[in-house]
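See below for the structure under consideration.
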Amino acid sequence: MSLPTSLDINPQRRRLLKAAAASVAAGAGGTLAFPAIAQAKPFAGVKLRGAAYQHGFFNILRKYIPEFEQQTGMTVDLQLSAFPVYNQQADLELSSGGNSWDFCNVTFILAARWVAAGLLANLSDFAADRKLTPASWNPDDFVKGAQLPYLDKAGKAYGFAWEGGAMLMGISRMDLMKKRGVEAPRTFDELMKAAEAIHGQDGGSGPVTGFVSSNLHHWFLPPYVQGFGGDFFVNPPSDIKPALDSAAAIQATDFYSKLLSRYSPQGVLGYTEDQARAALIGGRSNIFIHSSSWVSAMLTSPDSKVKDTARVMRMPAGPKGDFPASNSQGLGIPKNAKNKEAAWEFIKWTLSPELSARIVKDTGHPSICRRSVIESAEYKRINTINGQDLGKLYLEVLEQPGKTHNYMAYRTVKEFPLVGDVVNKAVERVVSGQQPAAESMKAAQEAALNALRRSGAGLASTKSS
Amino acid sequence: MPAASYEGQRRRFVRMAIAPSLIFLLVVAGLPTLFLLVTSLTPGALVNPGSLGDFSDPLRNYKLLGGDERFVGSLRGAGAAVGVHGGAAGVAGHGARAAGALGAGALEVAAPPVRDSDGAAAHRGGGDLEAGLHARHQPRLPGRAHARLCAARAHHARRLRAVGHRHRRHLGVGAVHLPDGAGRAADAAREYVEAARMDGADAWRVFGHIVLPYIAPVLLVCTLFRLIDSIKAFPLIFLLTGGGPGSVTEVTNYYAYLVAFNFGELGYSSAITVVLLVATVLISWGAMRLSRNAGATE
């Protein structure tokens with residue numbers, strides 16, 4: 001399969017007619033030509049305001065936006081803020097029914113809340129309207145796992161994914177692993193042994209830690225909980241009673257906390273993703289299990305010191321199965337946006353197969369969500385590094401929740417941020433030695449129940465599991 | 001112009017002069033407080049805009065606070081900080097009161113009560129070392145001579161007390177702003193320390209009855225500053241620890257921020273803030289009383 005080209009697009013009828021009329025006018029005479037072309041631009045004079053958080057994708061996108069402005073006649077004002085700042089702004093802007101944004105990022109962990117509260121416009125209607133959207137745009141081309149957070153119960157989409165995150169394992173020092181006779185881990189047990197074997201070994205410029213992670217424990221812990229046979233909630237999304245004090249959750253917390261307290265750098269509890277990534281690509285930490293874009297930096301980043309010794313692979317499986325986490329970020333339109341059609345035009349253009357393919361080709365940016373692009377020969381060529389097909393790994397993980405039961409459902413319930421924060425605190429207590437895992441997770445269970453009751457969540461039962 | 005009238009006019013002028021500032025303060029502090037108070041009576045969840053107008057169970061948030069471990073924990077942390085600082089304030093205030101009771105001297109307990117010519121208590125423990133010594137070692141004089149001696153002692157003790165208070169004032173204010181004042185205060189304190197030592201006071205007694213009362217005003221000011229810092233300790237926690245590890249560094253205002261902006265529960269967060277506000281007002285009131293008591297002894 002080859003990358004789609006701009007010739008594959010079926011132009012909108014209205015735009016085609018206008019463009020044709022403009023061409024005729026242009027051919028008719030010099031002085032009439034410019035105004036006629038200007039009129040052919042369907043959104044001439046519209047100023048589109050949007051907001052998102054600072055991410056490499058948007059920096060890339062900004063380079064292409066002038067083309068869009070040239071095509072449509074509108075101007076795009078894209079404001080980027082730090083991730084937590086953006087989320088707070090967006091929460092306030094959307095919930096207060098503001099109309100200062102025409103489009104916005106639909107943050108993964110907040111998507112369920114926003115969709116459930118009806119704060120976003122229904123994009124399925126736009127996508128199904130042939131006057132607004134050509135059939136070639138094909139909303140079904142988005143990887144299903146990446147689209148799940150933006151769908152309501154009826155399957156209507158309130159956002160379309162611009163980025164997918166697939167949890168993969170990055171190993172930076174395969175040279176040390178080989179030297180110590182340690183294979184790349186495929187199970188939780190092997191992961192612990194590999195971390196132990198490498199921790200403290202001389203990496204050439206100092207000792208190497210066996211493992212590294214960042215402070216987003218509510219993202220890192222669930223695959224271990226599920227791998228030991230548990231979950232965050234009893235049966236999400238229908239039963240959101242927390243299950244944090246289950247035997248599996250306690251075992252997973254103990255396991256993950258040992259990786260952090262014994263085999264990670266000192267101060268790892270305060271590590272941000274950037275710091276963990278720096279430790280990995282600098283060869284100072286051996287294993288980092290995180291989204292593909294973070295760990296594949298070992299192979300793609302110009303700052304990487306471990307390009308020759310790095311390996312990216314599926315994260316290890318637990319005794320009860322393999323549940324690598326996945327997520328995505330989407331673009332949506334606030335319910336009260338002033339320029340909904342213009343905003344849809346922008347989203348449609350940003351997430352078109354053609355632009356996605358160009359971005360991959362021009363920049364190597366891998367984490368797009370268009371299946372047709374991910375499966376293309378060009379994408380595979382660009383994203384096969386050191387013989388490792390990153391695209392294949394990425395797609396495998398991204399699609400996994402859609403193939404079996406949706407084990408990522410825990411993260412799409414609107415109460416997840418509350419419970420996630422409680423879990424963060426619980427892990428920190430264990431790693432810092434304040435409490436053993438069982439005690440900490442029991443306290444977390446109580447705290448989560450209280451938080452959910454307070455937020456008005458309908459709990460089937462309030463007894464601890 | 002009569003003094004009372006002048007004073008009245010002066011007061012009116014001051015009132016008029018500060019009126020704009022007071023109105024401004026009322027607007028910038030009063031309106032948000034009113035908003036917090038009203039919001040705290042609603043469920044006020046960001047994802048449910050209608051809940052901001054739901055007053056069906058106005059005390060719901062306040063009832064939930066008691067069962068919220070993190071809120072209680074954050075209060076405990078803040079309470080410990082306030083306790084330490086408040087304790088210091090208490091010591092300072094107590095010290096200042098003790099100084100007032102003791103007068104300008106150190107060992108007035110050694111001086112027996114003397115009576116003036118009317119037989120009423122002239123002073124109790126005048127604090128004048130010499131007077132105390134006189135009282136102990138000299139025989140009681142009869143009639144007018146005794147009355148004159150008592151009056152002289154009382155006058156001398158009052159004068160010394162006034163001098164002592166002036167020196168303490170130097171230490172409390174001047175020591176902060178004027179090195180010269182600090183020097184004079186230190187000189188004065190030294191005199192009293194020497195006097196106390198001559199009378200056999202041990203180091204603890206000298207510290208408790210002379211040094212501590214002298215530094216009480218400074219301690220009180222420092223304590224109030226630290227108290228304010230401990231209540232508004234937000235930026236460092238936000239930047240450095242995020243309230244962790246666990247919740248050990250999570251103070252109440254940081255928790256209120258999390259609840260409002262990370263969890264979107266404006267109503268509950270407002271209730272936390274109102275409780276914090278009430279606690280702050282109470283603590284400030286207590287500190288002001290201590291401060292006033294300390295000042296009253298000057």
Side-chain angles (χ1 to χ4, degrees), chain A residues 84-85 87-98 109-110 112-119 215 217 260-261 267-270 272 335 414-422 424-435 440 443-444 446-457, chain B residues 35 39-40 42-54 56-57 59-74 76-77 236-250 254-272:
Chain A
V85 175
N87 288 337
Q88 290 172 5
Q89 284 176 340
D91 238 359
L92 287 170
E93 171 68 18
L94 295 177
S95 60
S96 62
I109 52 169
L110 302 171
R113 270 166 57 179
W114 293 351
V115 171
L119 306 180
N215 50 12
H217 310 301
L260 294 186
S261 57
V268 70
L269 279 183
T272 61
K335 194 180 178 183
K414 67 183 184 345
E415 291 80 7
F416 178 77
L418 276 176
V419 179
D421 186 67
V422 167
N424 273 350
K425 299 288 173 192
V427 170
E428 287 179 5
R429 286 195 297 268
V430 180
V431 176
S432 60
Q434 295 176 58
Q435 281 180 324
S440 184
E446 284 306 315
L449 280 170
N450 284 337
L452 290 179
R453 278 189 213 112
R454 193 180 70 218
S455 71
Chain B
F35 172 79
T39 311
S40 74
T42 71
L46 278 182
V47 290
N48 182 9
S51 62
L52 276 168
D54 177 5
S56 56
D57 185 4
L59 295 180
R60 171 188 178 273
N61 292 322
Y62 294 98
K63 286 180 206 158
L64 289 168
L65 283 175
D68 185 349
E69 264 302 308
R70 279 175 77 173
F71 170 70
V72 175
S74 75
R76 220 177 284 138
L236 284 179
I237 288 168
F238 178 78
L239 288 171
L240 294 179
T241 69
S247 301
V248 289
T249 58
E250 196 169 81
Y254 183 71
Y255 181 52
Y257 157 81
L258 285 182
V259 171
F261 295 104
N262 282 15
F263 310 149
E265 297 177 47
L266 279 189
Y268 189 65
S269 175
S270 299
I272 295 172

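Within every chain, numbering begins at 1; the chains are lettered A, B, ... in the order of the sequence lines, protein sequences first and strands thereafter.
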### Exam field: side chain Thr249(B) to backbone Gly244(B), donor-acceptor pair closer than 3.5 Å
yes
### Query
Can you say whether Glu69(B) sits under 4.5 Å from chain A via the side chain, the backbone, both, or neither, judging by heavy atoms?
neither
### Short side-chain to backbone donor-acceptor contact, Ser74(B) and Glu250(B), under 3.5 Å
no
### Message
Looking only at heavy atoms and a cut-off of under 4.5 Å, which of Pro84(A), Ser455(A), Ala451(A) has the most pairs with chain B?
### Response
Ser455(A)
### Query
Can you check whether Pro43(B)'s main-chain N or O pairs, donor with acceptor, with Ser51(B)'s side chain at less than 3.5 Å?
no
### Query
Side chain, backbone, both or neither: which part of Tyr257(B) has a heavy atom under 4.5 Å from chain A?
side chain
### Candidate pair Asp54(B) and Arg60(B), rule salt bridge (charged side-chain N to carboxylate O under 4.0 Å, His left out), full reasoning
CA-CA 11 Å; Asp54(B) 177 5; Arg60(B) 171 188 178 273; over 6 Å; no
### Task
Would you mind checking which part of Asn61(B) comes under 4.5 Å of any heavy atom in chain A, side chain (CB onward), backbone (N, CA, C, O), both or neither?
neither
### Message
With a 4.5 angstrom heavy-atom cut-off, is it the side chain or the backbone of Phe263(B) that approaches chain A, or both, or neither?
### Response
both
### Query
Checking Gln434(A) side chain against Pro245(B) main chain: does a donor-acceptor pair fall under 3.5 Å?
yes
## Note on the structure
Scored by heavy-atom pairs under 4.5 Å with chain B, the best of Ile109(A), Leu269(A), Asp91(A), Leu94(A) is Asp91(A)
### Message
Can you tell me which portion of Asn450(A) sits under 4.5 Å from chain B's heavy atoms? Options are side chain, backbone, both or neither.
### Response
side chain
### Query
For Leu266(B), does its backbone N or O pair with a side-chain atom of Ser270(B) as donor and acceptor, under 3.5 Å?
yes
